[in-house]
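Right, one structure below, let's go through it.
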Amino acid sequence: MSEPRVEWRAEGIEKAYSGTPVLKGVSISLRAGEVVGLVGHNGAGKSTLLKCLSGAVQPDSGAMWFDGEKRQFSSPQEAIRLGVSTVYQELALLPNLTVTENIFLGEEQTRRGVLDSRAMRRQAEALVAEFDLAVDVTRRLGDYPVATRQLLEIAVATHRECKFLLLDEPTTSLESAQVEGFLALVRELSKERGIGILLIDHKLSELYAVADRIVALVDGEVRIDRPVADVPESAVIEAITGEPADEPTPAEQRPPRTENAEDATVTLRVSNLRNRDLEDVSLEARAGRVLGIYGLIGSGRTELLRTLMGLDPVDGGTIELFGRPYRPRNPSSAKAAGLAYLTEERKTDGIIPLRDSVDNIVLPIVDRFTKARILLQPAAMAKQGARYMDMVRVRGNRAAPVSSLSGGNQQKVLLARVLAQEPQILLLDEPTKGVDIGVKVEIHQLLRALAAERGLTVVVVSSEEEEILAVADDVAIFNDGFCTGEVRSASDLSEADLRKAAWSDA
């Protein structure tokens, strides 16, 4: 059988920001009906390459051929017209509009000069049914969780006569069952509809499940471009991290710990906690240990952290902090009590995009850097910010707006922010969301060390079973707003155990 014709290829793509090279002569191709998995460490240039391919950013040099014709997309709109759709990690659909309005945004249908709402609604219903999305197309998009919006954005992208689909970390907001459905969708779109798909994903297991070819991008250069059958996962990991893949796993790298949880002091006790999202939650967290909280979206896992921080009210039940009654009034009172919180959504609740990394880190503790309660002390702020950025190994231009950093490095800046508050209890919601394999290991090791060596209480919410088992000492399962209070040792659990407990009836 002859090799399929190359439908789209880019050669020698280069891009620099403020004189710093991000892409260094990258060449990549994508064929109709092919899935190419793109991996690389945070800051490797994956998202920048995607933007160059989609017309959102113009490369400094290089060329692109589309359907045998040399072409450079001047804008995303031109790319879409020619059949190239892109779904970024940060969603672009508008939450204040209805599902139907989002699907036809910029392509509204009219009849005799008037919007044909009935026709658009019928087509929208057919589209969501085709993608097996249980949504009411007349409702606001913002009424649905991030995972649903992610899948809907993919549906909208393929709706527009799509020939090529570029996906940037599409599974970061999806749970295990949803990921399986998404991967099945990728197979269908590529093999049955003939759509060429470029899939950025930091989870190699997902890429190896669907990709025909793996491309590894390292420091702005292509290090691997081979069929998946010809390259083992270990070789990809070694290329990305620069270290052999047979290094100890995160679980094996754990520092010494208290094997008996009963010997550790209870610092946080929640008993029969209730509010609009929590039906009945009980659990304990202990000093020097990492408590992993696992559950499906909407199970109450994030809502518990919000309640502990005073963002959501307490309608019933009790909270004890260091053996004393605790009822947070607001985030300031929670911070004063020794808690620090890392939000799941870094774009909406986390970073101040136009400020630099130091400003983002010291914002909650800026009162420590004032003189006579009026004048700020920039040198002291910069020193403190650098200390914590070094601790979490932030890469990139630290003096530029934090939005110029890669997504993973933005996440590390936010982690530096909570550490700079010097809390006794860390509340972390999806702390490795959207980061690459190497950075994830670094963060896991740091959290383990903070617990074991500094005696911090670390509470980690994660939708990844593998992460819960790698970083946690103890695990609490949330199910539909309930947590029974049973905290089990992570060493006694498997990924299957977590799924079974989270998906069973409460």
Minimum heavy-atom separation for Leu415 to Leu342, with atom names?
-> N-CD1, 4.1 Å
Result of checking Val156, Val135, Val128, Leu133 against Leu151 for side-chain contact (heavy atoms from CB on, under 4.5 Å) = Leu133
Do Lys15 side-chain atoms and Pro21 backbone N/O form a donor-acceptor pair below 3.5 Å?
-> no
Side-chain donor or acceptor of Asp474 paired with backbone N/O of Arg488 under 3.5 Å | no
Between Glu206 and Thr171, does any side-chain donor sit less than 3.5 Å from a side-chain acceptor?
-> yes
Table please: side-chain donor-acceptor pairs of residues 207-222 below 3.5 Å, with sequence neighbours left out.
{"residue": "Tyr208", "atom": "OH", "partner": "Val231", "partner atom": "O", "Å": "2.6"}
{"residue": "Tyr208", "atom": "OH", "partner": "Pro232", "partner atom": "O", "Å": "3.4"}
{"residue": "Asp212", "atom": "OD1", "partner": "Lys191", "partner atom": "NZ", "Å": "3.1"}
{"residue": "Asp212", "atom": "OD2", "partner": "Val35", "partner atom": "N", "Å": "2.8"}
{"residue": "Asp212", "atom": "OD2", "partner": "Lys191", "partner atom": "NZ", "Å": "2.8"}
{"residue": "Arg213", "atom": "NE", "partner": "Glu34", "partner atom": "OE2", "Å": "3.0"}
{"residue": "Arg213", "atom": "NH1", "partner": "Asp225", "partner atom": "OD1", "Å": "2.8"}
{"residue": "Arg213", "atom": "NH1", "partner": "Asp225", "partner atom": "OD2", "Å": "3.4"}
{"residue": "Arg213", "atom": "NH2", "partner": "Ser29", "partner atom": "O", "Å": "2.7"}
{"residue": "Arg213", "atom": "NH2", "partner": "Ser29", "partner atom": "OG", "Å": "3.4"}
{"residue": "Arg213", "atom": "NH2", "partner": "Glu34", "partner atom": "OE1", "Å": "3.2"}
{"residue": "Arg213", "atom": "NH2", "partner": "Glu34", "partner atom": "OE2", "Å": "3.4"}
{"residue": "Asp219", "atom": "OD1", "partner": "His41", "partner atom": "NE2", "Å": "3.0"}

Sorted by chain and number, sequence neighbours left out, salt bridge (Lys or Arg N to Asp or Glu O under 4.0 Å) with Glu430 holds for Arg301
Glu14: salt bridge (Lys or Arg N to Asp or Glu O under 4.0 Å) partners, not counting sequence neighbours | none
Side chain to side chain contact (heavy atoms under 4.5 Å, CB included) partners for Ser47, two or more places apart = Asp168
Any salt bridge between Lys433 and Glu464, counting N to O under 4.0 Å?
-> no
Would you please classify the geometry between the Trp8 ring and the Phe66 ring as parallel, tilted or perpendicular, with 30° and 60° separating the classes?
-> perpendicular
Applying salt bridge (Lys or Arg N to Asp or Glu O under 4.0 Å) to Asp492 and not counting sequence neighbours gives none
Side chains of residues 354-362: which donor-acceptor partners sit under 3.5 Å, not counting sequence neighbours?
{"residue": "Arg355", "atom": "NE", "partner": "Asp359", "partner atom": "OD2", "Å": "3.1"}
{"residue": "Arg355", "atom": "NH2", "partner": "Asp359", "partner atom": "OD2", "Å": "2.8"}
{"residue": "Asp356", "atom": "OD1", "partner": "Val358", "partner atom": "N", "Å": "3.2"}
{"residue": "Asp356", "atom": "OD1", "partner": "Asp359", "partner atom": "N", "Å": "2.8"}
{"residue": "Asn360", "atom": "OD1", "partner": "Ile352", "partner atom": "N", "Å": "2.6"}
{"residue": "Asn360", "atom": "OD1", "partner": "Arg417", "partner atom": "NH2", "Å": "3.3"}
{"residue": "Asn360", "atom": "ND2", "partner": "Ile352", "partner atom": "O", "Å": "3.2"}
{"residue": "Asn360", "atom": "ND2", "partner": "Arg355", "partner atom": "O", "Å": "3.3"}
{"residue": "Asn360", "atom": "ND2", "partner": "Asp356", "partner atom": "O", "Å": "3.0"}

